[in-house]
Amino acid sequence: MMLNEEQMKVVKSKDPFIFLLAGAGSGKTRVIVERIKSLLTEGVKPQDILAITFTRKASHEMKERLHEDGLAIHTFHQLAYITLKEDLRMTFDLIDERILDHYTQDQLLQVTMYKNSLYQTRKPKIYLAYQEELRQHQQVDYDDLLILFNKALQKGQVSFSYQYIFIDEFQDTNLLQYACLKKLIKHNTHVLAVGDPDQSIYQFRGASSRIINQYVKDYHARVEKLTYNYRSYQSIITAVNRLIKRNNRSYKKELKPTHQKEGNVFSLRFRDDENEALWLISQIKLANQKGIKFDQIAILYRNHHRAYQLMMTLHDGEIPFTIHDDETTEQDGISLLTIHQAKGLEFDLVFIIGCEDHLLPSRRNNQISALEEERRLMFVAMTRAKHILCLTHISHDGQNHHFTSSPFILESGIKSSNPQRISDIISLGDENGHQKTHR
């Protein structure tokens with residue numbers, strides 16, 4: 001497929017600093033790959049190029065698409081580890097997971113926030129004891145890797161330099177990573193930072209899309225956009241555009257669909273999660289009979305607890321499923337994922353369960369910034385769907401607590417129905433995805 005005009009402009013640009021505002025499904029990885037290929041064709045040496053990705057999976061995919069051995073394609077943590085271990089011959093081990101068992105998830109997040117903010121947030125109570133435990137075992141955690149790397153760069157101990165730096169998922173960068181990046185930028189370095197502030201969902205770990213503004217300001221970077229979505233059918237794009245425009249955004253964009261097909265978007269209300277799970281199984285079986293493979297179906301949720309009943313029912317219904325961790329490769333079963341785990345993936349049919357107020361959005365923190373982060377999380381979930389998107393919510397739980405539906409459903413302009421009104425969502429579209437006229 002040919003590059004579109006927006007993509008080609010970035011691939012061929014001679015600007016030293018660019019921020020590429022890349023919408024969901026807009027082909028951002030392809031732009032990075034094609035720009036690297038273009039530079040290599042022009043005679044730039046592979047060892048003069050560095051690409052930084054957010055996950056190991058993304059770095060593997062980029063390596064496969066480029067077929068060039070000399071290129072450095074790493075996550076920040078991989079780059080730090082290789083530099084400290086191989087170049088600087090430092091002696092340390094990475095943290096043993098058993099040490100983490102001594103602390104709660106909240107305590108560990110506080111430590112991460114403290115380190116990633118360059119020690120600008122409040123020092124956690126457990127911090128000194130935690131660091132002492134690591135020191136006694138001659139171990140470092142993943143944040144310490146970047147702190148050591150940053151110090152090595154600061155002291156001029158790192159010998160390599162790059163003429164071209166590419167950094168993906170820039171909206172997920174934290175202050176510590178940005179400090180490392182700034183020290184990697186020399187007087188002749190060109191940087192292409194790619195990101196989407198609408199998909200910034202790691203605020204709880206210290207990531208901040210404000211770093212995009214800082215980068216643009218620090219380097220007078222040109223801002224370019226990718227707005228054409230190659231993933232989702234039209235009704236899905238309409239819904240996500242309606243949702244995300246509710247956020248206060250520095251960089252505004254509206255996704256434009258490239259598919260001619262309308263697609264299907266639904267929101268369904270169930271009495272409880274048992275009824276919800278039974279209906280989902282009926283739809284998954286129907287979808288499979290209609291030719292949608294199990295590995296092209298995903299069920300997303302805010303947290304694992306909300307999916308417990310569904311997992312039990314899937315097991316009883318003998319439907320193959322995979323509960324993903326962060327680095328899972330393709331499986332044959334349907335995918336059960338938290339929304340954070342689903343980032344960067346796509347599926348023909350996506351169910352988002354648990355669309356209840358106080359769960360999605362979570363109301364643990366009522367600040368506007370927290371609500372906007374939750375809205376971005378919903379945006380990420382919805383943009384995983386290619387053809388059919390179904391949001392489900394329940395009115396009661398096992399303790400007979402009453403729930404109202406997520407405000408995000410209304411904000412997206414999606415009408416809620418009872419499942420009895422829609423016998424099945426798959427049969428509303430024919431095999432080509434066209435909407436049928438009957439109601």
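These figures come from a predicted structure and were not determined experimentally.
Using cut-offs of 30° and 60° for the angle between ring planes, the W279 and F270 rings count as tilted. In this pair, F54 and Y202 present their aromatic rings tilted. The plane angle is within the 30 to 60° band.
Checked against a 6.0 Å centroid threshold, the rings of H396 and H402 count as neighbours.
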Applying side chain to side chain contact (heavy atoms under 4.5 Å, CB included) to E411 and S406, what does each step give before you reach the verdict?
CA-CA 9 Å; E411 289 177 6; S406 168; over 6 Å; no
Go through the steps to decide whether T338 and L300 satisfy the test side chain to side chain contact (heavy atoms under 4.5 Å, CB included), and finish with yes or no.
CA-CA 5 Å; T338 66; L300 312 184; over 6 Å; no
Could you walk me through whether Y228 and E6 pass the side chain to side chain contact (heavy atoms under 4.5 Å, CB included) check?
CA-CA 9 Å; Y228 291 98; E6 290 176 341; 3.4 Å; yes
Please step through ring-ring contact (aromatic ring centres under 6.0 Å, His included) for the pair F204 and H340, ending with a clear verdict.
CA-CA 12 Å; F204 67 96; H340 284 95; 5.3 Å; yes
Is there a salt bridge (Lys or Arg N to Asp or Glu O under 4.0 Å) between E61 and R65? Walk through the geometry before answering.
CA-CA 6 Å; E61 284 173 5; R65 287 165 77 165; 5.7 Å; no
Going through the checks in order, is the side chain to side chain contact (heavy atoms under 4.5 Å, CB included) test met by L314 and I334?
CA-CA 10 Å; L314 281 170; I334 66 169; 3.9 Å; yes
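Remark: K225 fails to qualify as a cation-pi partner of F19 under the 6.0 Å distance and 45° angle criteria applied to the six-membered ring. Remark: K123 is not positioned above the aromatic ring of Y114, lacking an NZ or CZ atom under 6.0 angstrom from the ring centre and at most 45 degrees off the axis.
Across all their heavy atoms, P320 and F294 have their closest contact at CG-CD1, 3.6 Å. Closest approach of R302 and E374 over heavy atoms only: NH2-OE2, 2.7 Å. Summarising the geometry of N229 relative to A24, their closest heavy-atom pair is ND2-O, 2.7 Å, with the distance given to 0.1 Å. Closest of all the heavy-atom pairs between F321 and H315 is CE2-N, 3.9 Å. Taking both residues in full, the closest heavy atoms of I281 and G317 are given as CD1-CA, 4.4 Å, listed atom of the first, atom of the second, then distance. Scanning all heavy atoms of the two residues, the minimum distance from N400 to R271 falls at OD1-NH2, 3.2 Å.
For S200 (side chain) and P197 (main-chain N/O), no donor-acceptor pair under 3.5 Å exists by modelled atom type. Here the side chain of N241 pairs a donor or acceptor atom with the backbone of L255 at under 3.5 angstrom. Using a distance-only test at 3.5 Å, with no hydrogens or angles considered, no donor-acceptor pair links the side chain of Q131 to the main chain of L128. The closest donor-acceptor contact from the side chain of Q171 to the backbone of D198 lies at 3.5 Å or more, if one exists at all. Judged by distance alone, the side chain of E34 and the main-chain N or O of V10 form no donor-acceptor pair under 3.5 Å. Judged purely by atom type and a 3.5 angstrom limit, T112 has no side-chain atom pairing as donor or acceptor with the backbone of L109. The main-chain N or O of E262 is found under 3.5 Å from a side-chain atom of S235 such that the two form a donor-acceptor pair.
Partner of D172 under the side-chain hydrogen bond (donor to acceptor under 3.5 Å, both in side chains) criterion, out of Q177, K343, R205: K343 alone. With K115 as reference, D141 is the one residue of D141, D143, N174 to meet the side-chain hydrogen bond (donor to acceptor under 3.5 Å, both in side chains) rule.
Taking a 6.0 Å sphere around CD1 of I82, one finds it holds more than 12 heavy atoms contributed by other residues, nucleotides or ligands.
Side-chain atoms of N116 and Y178 include no donor-acceptor pair closer than 3.5 Å. Remark: the Q309 side chain and the T313 side chain contain an N/O donor-acceptor pair separated by less than 3.5 Å. The closest side-chain donor-acceptor pair between Q110 and R122, if any, does not fall under 3.5 angstrom. There is no side-chain donor-acceptor pair under 3.5 Å between N288 and K293. A side-chain donor-acceptor contact under 3.5 Å links Y230 and N4.
Electrostatic pairing of E276 and R306 counts as a salt bridge here, judged by a charged N lying under 4.0 Å from a carboxylate O. Salt-bridge check for R384 with E346: failed, with every basic side-chain N at 4.0 Å or more from each acidic carboxylate O. The pair K37-E68 does not meet the salt-bridge criterion, since no charged nitrogen lies less than 4.0 angstrom from a carboxylate oxygen. Under the 4.0 Å criterion applied to side-chain N and carboxylate O atoms, K9 and E5 are not assigned as salt-bridge partners. For D196 and K28, the salt-bridge test fails: no basic side-chain N is under 4.0 Å from an acidic carboxylate O. Comment: D96 engages R98 in a salt bridge, judged by a side-chain N to carboxylate O separation of less than 4.0 angstrom. Between E254 and K245, no side-chain nitrogen of the basic residue sits less than 4.0 Å from a carboxylate oxygen of the acidic one, so the salt-bridge criterion is not met.
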